Amino acid sequence: MVPDIARLKRRSEFLRVAGTRRKWVAPGLILQVRRHGAGNAARREEPALRVGFTVSRKVGNAVARNRARRRLRAAVEQVMPVQAKEGHDFVVIGRQATLKRPFAALVSDLRTALKRLDASRDEIAPAAPDNPAPRAR
RNA sequence: UCAGACGGUCGGAUGGCCGCCUUCCGGGUGCCGCAAGGUCCGGGGGGAGGAAAGUCCGGGCUCCACGGAAACACGGUGCCGGGUAACGCCCGGCGGGGGCGACCCCAGGGAAAGUGCCACAGAAAGCAAACCGCCCGCCGAAGCUUCGGCGAAGGCGGGUAAGGGUGAAAGGGUGCGGUAAGAGCGCACCGCGUCCCCGGUGACGGGGGCGGCACGGCAAACCCCACCGGGAGCAAGACCAAAUAGGGACGGUGCGCCGGGGUUUCCCCGGCAGGCGGGUUUUCGCGCCGCCGUCCGGGUCGGUCGCGCGAGGUGUCCGGCAACGGGCGUCCCAGAUGACUGGCCCUCCCCCGCUUCGGCGGGGACAGAACCCGGCUUACAGGCCGUCUGACACA
RNA sequence: CGGAGCGUGGCGCAGUCUGGUAGCGCACUACACUGGGGGUGUAGGGGUCGUAGGUUCAAAUCCUAUCGCUCCGA
C-alpha cells in the first residue's frame with residue numbers, strides 16, 4: 001500500500017529532525033531524516049511518513065520562496081509515496097538552485113538523497129510516475 | 001514626419017495530462033459518530049494584484065476606559081471653495097515660480113505678542129551707526145602773495161550716505177530736479193503700508209485717495225493662532241473543550257498527644273511528635289502533608305466562529321466644469337492557517353545572444369491575499385488608446 | 001500587528017540635540033633610529049557623511065520620502 005504523507009507543523013518537530021544530524025546535501029535541495037517510533041505499536045495513529053519544508057529568506061523574496069517550496073512539494077509527491085521507507089520524518093530544505101534546476105534533476109536529487117540516508121526502499125508500483133498507485137481513474 | 005506634454009488602460013495568448021484549496025449537487029450506508037456531520041465515490045462552479053508590497057494617513061469592526069462635556073499636556077494638520085463615512089486624499093480655483101508652448105512645481109497662516117539665531121568677512125548684522133570717502137567751517141608747518149591774505153598735506157568741529165570695499169543679506173529701486181556735498185528733500189513710474197469704493201461665496205483681483213518709507217531674513221528655531229485626535233488592536237474578541245497538576249463542594253473511610261473554641265459521633269485554630277522534599281552531614285531553620293470516588297468552576301494544547309453582500313463590481317441614463325452624487329438593470333466574484341492558488345508539455349506572441357539568414361539556444365517586468373474598505377508612497381519588461389503643444393514639409 | 005534604534009576614511013566609533021572647522025584609535029605610505037626584524041619617533045595620504053528631494057545665505061546636522069541592517073513586545 002502507499003502510505004499517506006502528513007506534514008510536520010510544529011517548530012519542535014523540525015528541531016527534533018534537525019537534532020539527528022543526518023542529512024544529505026544535493027545541488028537542488030537538502031534532506032534531513034529522523035526515524036520515529038515505527039515499530040512502536042502504541043503510536044499506531046501516527047502516519048508512517050511525515051514531511052516538512054523549510055525555505056529561508058536567503059532563497060529570495062516571497063514569490064521565490066513560494067515557488068521553491070511548491071517545486072519541492074511536487075517532487076516529494078512524486079517520489080516519496082513509492083520510494084521512501086516508512087516510519088521516518090523528513091525535512092526538505094530549499095536552496096537558491098531549487099528555482100533554476102530542471103525538475104527531472106530535482107527529482108533525481110531527492111532519490112539519491114533517500115538512498116544515501118538509507119531511507120529508500122524498492123518501488124512498490126513500478127508503473128509510470130504519472131500514474132502512481134491505485135488512485136487511477 | 002520629428003520632438004514633447006497630459007490622461008487612461010492592459011499586465012503574455014490558447015490547449016492537453018496529473019495534482020491542491022474551497023463551495024454546491026448527487027450517490028453510498030464500508031468506516032467513525034446517538035445525531036448533525038465527517039470520511040469515500042462521481043459531477044458542476046470559483047481560486048492573487050495594480051501595486052496583494054511599504055505600513056505613511058483615514059474609517060468600519062471588536063474589546064477596554066469614561067457621568068455629559070470642556071480644558072491642560074502631547075501629537076498632527078495649515079491659501080480659498082467644493083467632494084467624501086472620513087482623511088494629511090481628490091477636484092476646481094487664487095497667489096508665487098519655471099517653460100517658446102501644451103503644461104509642470106510650491107508645508108502657501110502669523111515675524112508691529114514675545115524669546116532666540118544670522119558663522120567667516122566687514123566700520124556696522126538689526127539699532128541704528130560711519131572704515132575709506134565726499135562737502136562745509138576754523139586752525140594751519142611747506143609754498144605763493146598785490147602783504148590784505150590764499151593755502152596742498154595735516155589737525156579740530158560739523159554735515160552726508162552718492163561712490164568704494166565685505167557679505168547670502170547693509171535701512172526702498174530707476175530717472176529727473178535739487179544741493180556746499182548729499183538725502184523721498186521734491187516730482188514721475190514701480191514697490192511697500194494704510195483707508196475707501198467696486199467685482200467675487202471666498203482666497204483674491206481692479207480702481208482711487210492718503211503716507212514719503214517706518215516694517216531685513218529664519219517659524220521644515222522655540223513659539224502664537226485656528227482646526228482635529230480617549231486607548232489598543234482579528235494573536236481584537238466570542239464559544240466548545242483533552243491529559244496532568246492545583247482549587248472548591250459532597251459522599252465513604254481513616255484520625256498519635258496536649259491546649260483552646262464551636263452549632264460537640266464531628267469541625268476549626270495553635271503547639272509537639274511523625275512522614276516527604278531539596279540545601280554535603282549534625283544542629284538548625286524553610287516548604288508541603290490522610291486516602292478513594294463523584295461533581296463543579298477557571299483554564300492550557302486543540303477545535304469552531306469572527307470570515308467574505310460590500311462606503312461591492314459592471315452597463316446605461318440624469319445632475320455637475322470636475323472630484324462626485326442619484327435612478328434603473330444586471331452579477332455574486334479567493335478565504336488558507338507550516339498556510340491552496342501548483343508540476344510538466346505543445347503551438348503562437350514578444351525580448352536577448354549567435355547566425356552559413358535556413359534557423360539554433362536562452363528568457364518572460366515588478367511582485368504572492370491573511371479581518372475588511374478609502375487614499376498615499378514606492379517597484380515595474382513591453383504594448384495599446386485618446387487629447388493637446390512646438391518645429392519642419394506638403395496641399 | 002505594534003514599537004525602537006543604527007548607516008560617517010579599510011575597521012571600530014565621536015560630531016547631529018544647539019546648522020557654518022568633518023575629528024579620534026587601529027590600519028596604510030614614506031623617512032629616521034637598528035646589521036636585519038619587531039618596536040619607537042617624525043611627516044603624509046585617504047571620507048558622494050546609505051540614497052533622493054526640499055527648507056536655509058549655508059545641511060553629516062532640520063523636514064519629507066525611500067533603501068538596508070539590528071533589536072524589542074504581543
Side-chain angles (χ1 to χ4, degrees):
Chain A
M1 59 167 285
V2 172
D4 290 335
I5 298 181
R7 288 291 277 274
L8 296 178
K9 293 184 177 181
R10 303 178 159 282
R11 176 171 168 78
S12 59
E13 296 171 337
F14 280 79
L15 291 177
R16 210 183 308 153
V17 174
T20 65
R21 306 201 179 279
R22 294 182 59 202
K23 68 172 184 180
W24 178 255
V25 179
L29 54 88
I30 299 173
L31 186 68
Q32 293 177 324
V33 182
R34 172 181 176 269
R35 280 177 61 185
H36 61 74
N40 194 347
R43 321 192 85 179
R44 191 179 300 154
E45 306 90 20
E46 277 198 7
L49 281 177
R50 298 197 301 176
V51 181
F53 297 94
T54 295
V55 181
S56 76
R57 278 177 55 196
K58 286 184 199 169
V59 175
N61 60 18
V63 175
R65 296 198 301 272
N66 273 336
R67 182 164 180 81
R69 177 166 41 78
R70 286 163 178 164
R71 300 192 83 203
L72 291 177
R73 201 184 58 213
V76 164
E77 285 168 357
Q78 183 173 326
V79 173
M80 289 281 198
V82 293
Q83 270 187 290
K85 239 186 224 176
E86 293 188 28
H88 287 73
D89 288 345
F90 299 94
V91 171
V92 187
I93 301 174
R95 320 180 67 186
Q96 287 186 354
T98 308
L99 296 170
K100 294 281 186 181
R101 199 160 169 79
F103 189 72
L106 210 56
V107 169
S108 69
D109 281 348
L110 186 57
R111 285 208 175 97
T112 57
L114 284 173
K115 283 176 191 161
R116 290 286 185 162
L117 294 173
D118 196 27
S120 175
R121 62 170 180 176
D122 295 335
E123 289 200 25
I124 320 168
D130 57 27
N131 187 17
R135 208 181 279 137
R137 33 177 317 190

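Below, read A as the first sequence line, B as the second, and so on, with proteins coming before strands; counting in each chain starts at 1. Everything numeric in this text was worked out from a predicted model, so none of it was measured.
Using atom C1' as the reference point in both B:C250 and B:G277, the two lie 32 Å apart (nearest Å). Look at the P atom in both B:A123 and B:A130: the space between them is 15 Å, to the nearest Å. Rounded to the nearest Å, the gap between the P atom of B:A153 and that of B:C136 is 12 Å. Comparing the P positions of B:C224 and B:C72 gives a spacing of 11 Å, expressed to the nearest Å. Here the separation of B:A48 from B:U377, taken at their P atoms, is 28 Å to the nearest Å. Straight-line distance between the P atoms of B:A367 and B:G82: roughly 44 Å, to the nearest whole Å. Nucleotides B:A121 and B:A220, compared at atom P, are 31 Å apart to the nearest Å. Taking atom C1' in both B:G92 and B:C190, the straight-line distance is 34 Å, to the nearest Å.
Considering only heavy atoms from C-beta on, A:Leu31 stays 4.5 Å or farther from A:Lys23 through its side chain.
In this structure, A:Met80 is a member of the same hydrophobic cluster as A:Phe53, with clusters built from ILVMFWY side-chain heavy atoms closer than 4.5 Å. A single hydrophobic cluster is not seen to contain both A:Val107 and A:Val25; linkage of ILVMFWY side chains at heavy-atom distances under 4.5 Å, directly or through other members, places them apart. In the hydrophobic clustering of ILVMFWY residues, with side-chain heavy atoms under 4.5 Å counting as a link, A:Phe103 and A:Leu110 come out together.
In this entry B:A249 has B:U294 as its Watson-Crick or G-U wobble partner, both defining distances falling under 3.5 Å. When both pairing distances are held under 3.5 Å, B:G167 makes no Watson-Crick or G-U pair with any nucleotide shown. The base-pairing partner of B:U194, taking Watson-Crick or G-U wobble contacts with both distances under 3.5 Å, is B:G209. A 3.5 Å limit on both hydrogen-bonding distances identifies no Watson-Crick or G-U partner for B:A219. Within the shown strands, B:U389 is the pairing partner of B:A3 under the Watson-Crick or G-U definition, both distances less than 3.5 Å. Using N1 to N3 plus N6-O4 or O6-N4 for Watson-Crick, or N1-O2 and O6-N3 for G-U wobble, each under 3.5 Å, B:C189 pairs with B:G173. The partner of B:C286, taking Watson-Crick or G-U wobble pairs whose two distances both stay under 3.5 Å, is B:G277. Checking B:G92 for Watson-Crick or G-U wobble geometry (two distances, each under 3.5 Å) identifies B:C80 as its partner.
Atom CG of A:Asn61 is separated from atom P of B:A365 by 12 Å (rounded to the nearest Å). Between A:Arg57 atom CZ and B:A367 atom P there is a gap of 14 Å when expressed in whole angstrom units. Here the C1' atom of nucleotide B:G338 and the CZ atom of A:Phe90 are 18 Å apart, to the nearest Å. Put simply, CZ on A:Phe103 is 16 Å from P on B:C18, counting in whole angstrom units. As rounded to whole Å, 17 Å separates atom P of B:G338 from atom CZ of A:Arg16. Rounded to whole Å, atom C1' of B:C20 lies 16 Å from atom CG of A:Leu72. Nucleotide B:A367 holds its C1' atom 13 Å from the CZ atom of A:Arg67, rounded to whole Å. Here the P atom of nucleotide B:G363 and the CG atom of A:Leu99 are 13 Å apart, to the nearest Å.
A:Leu49 approaches A:Ala84 most closely through the heavy-atom pair CD2-CB, 4.0 Å. When all heavy atoms of A:Arg71 and A:Arg101 are compared, the closest pair comes out as NH1-O, 2.8 Å. In this structure, A:Ala97 and A:Pro27 approach most closely via the heavy-atom pair CB-O, 3.4 Å. The minimum heavy-atom distance linking A:Asp109 with A:Thr112 is given by the pair O-OG1, 3.0 Å.
One finds no salt bridge joining A:Asp118 and A:Arg22 here, because no Lys/Arg side-chain nitrogen approaches an Asp/Glu carboxylate oxygen to under 4.0 Å.
The phosphate of B:C340 (OP1 or OP2) has a side-chain N or O of A:Arg69 nearer than 4.0 angstrom. For A:Arg71 and B:C344, the shortest distance from a side-chain N or O to OP1 or OP2 is below 4.0 Å. Put simply, A:Arg73 has a side-chain N or O that comes within less than 4.0 Å of OP1 or OP2 on B:C340.
Comparing atom distances between the A:Glu77 side chain and each of B:G368, B:G343, B:G19 picks out B:G19 as nearest. Nearest to the side chain of A:Arg70, among B:G338, B:U341, B:G19, sits B:U341. When each of B:C344, B:G19, B:G368 is scored by its nearest atom to the side-chain atoms of A:Val63, the top-ranked nucleotide is B:G368.
A glycosidic torsion no more than 90° from 0 defines the syn conformation; B:A273 lies beyond that range and is anti. Anti is the conformation of B:G319, whose glycosidic angle sits further than 90° from 0. Because its glycosidic torsion is within 90° of 0, B:G50 is reported here as syn. Applying the 90° cutoff around 0 to the glycosidic angle, B:C333 is assigned syn. An anti orientation is assigned to B:G383, its glycosidic angle lying beyond 90° of 0.
In terms of position on RNA chain B, the residue among A:Asn66 and A:Ala74 whose nearest nucleotide sits closer to the 5' end is A:Ala74. Projected onto RNA chain B by closest heavy-atom contact, A:Pro102 and A:Ala62 fall at different nucleotides, the more 5' of which corresponds to A:Pro102.
Helical stems in RNA chain C, defined as runs of 3 or more consecutive Watson-Crick or G-U wobble pairs with both donor-acceptor distances under 3.5 Å, are listed by first residue as C:1-7 with C:67-73, C:10-13 with C:23-26, C:28-33 with C:39-44, C:50-54 with C:62-66.
Here the options are A:Thr98, A:Asn66, A:Leu99, the test is side chain to side chain contact (heavy atoms under 4.5 Å, CB included), and the partner is A:Val59; only A:Leu99 passes.
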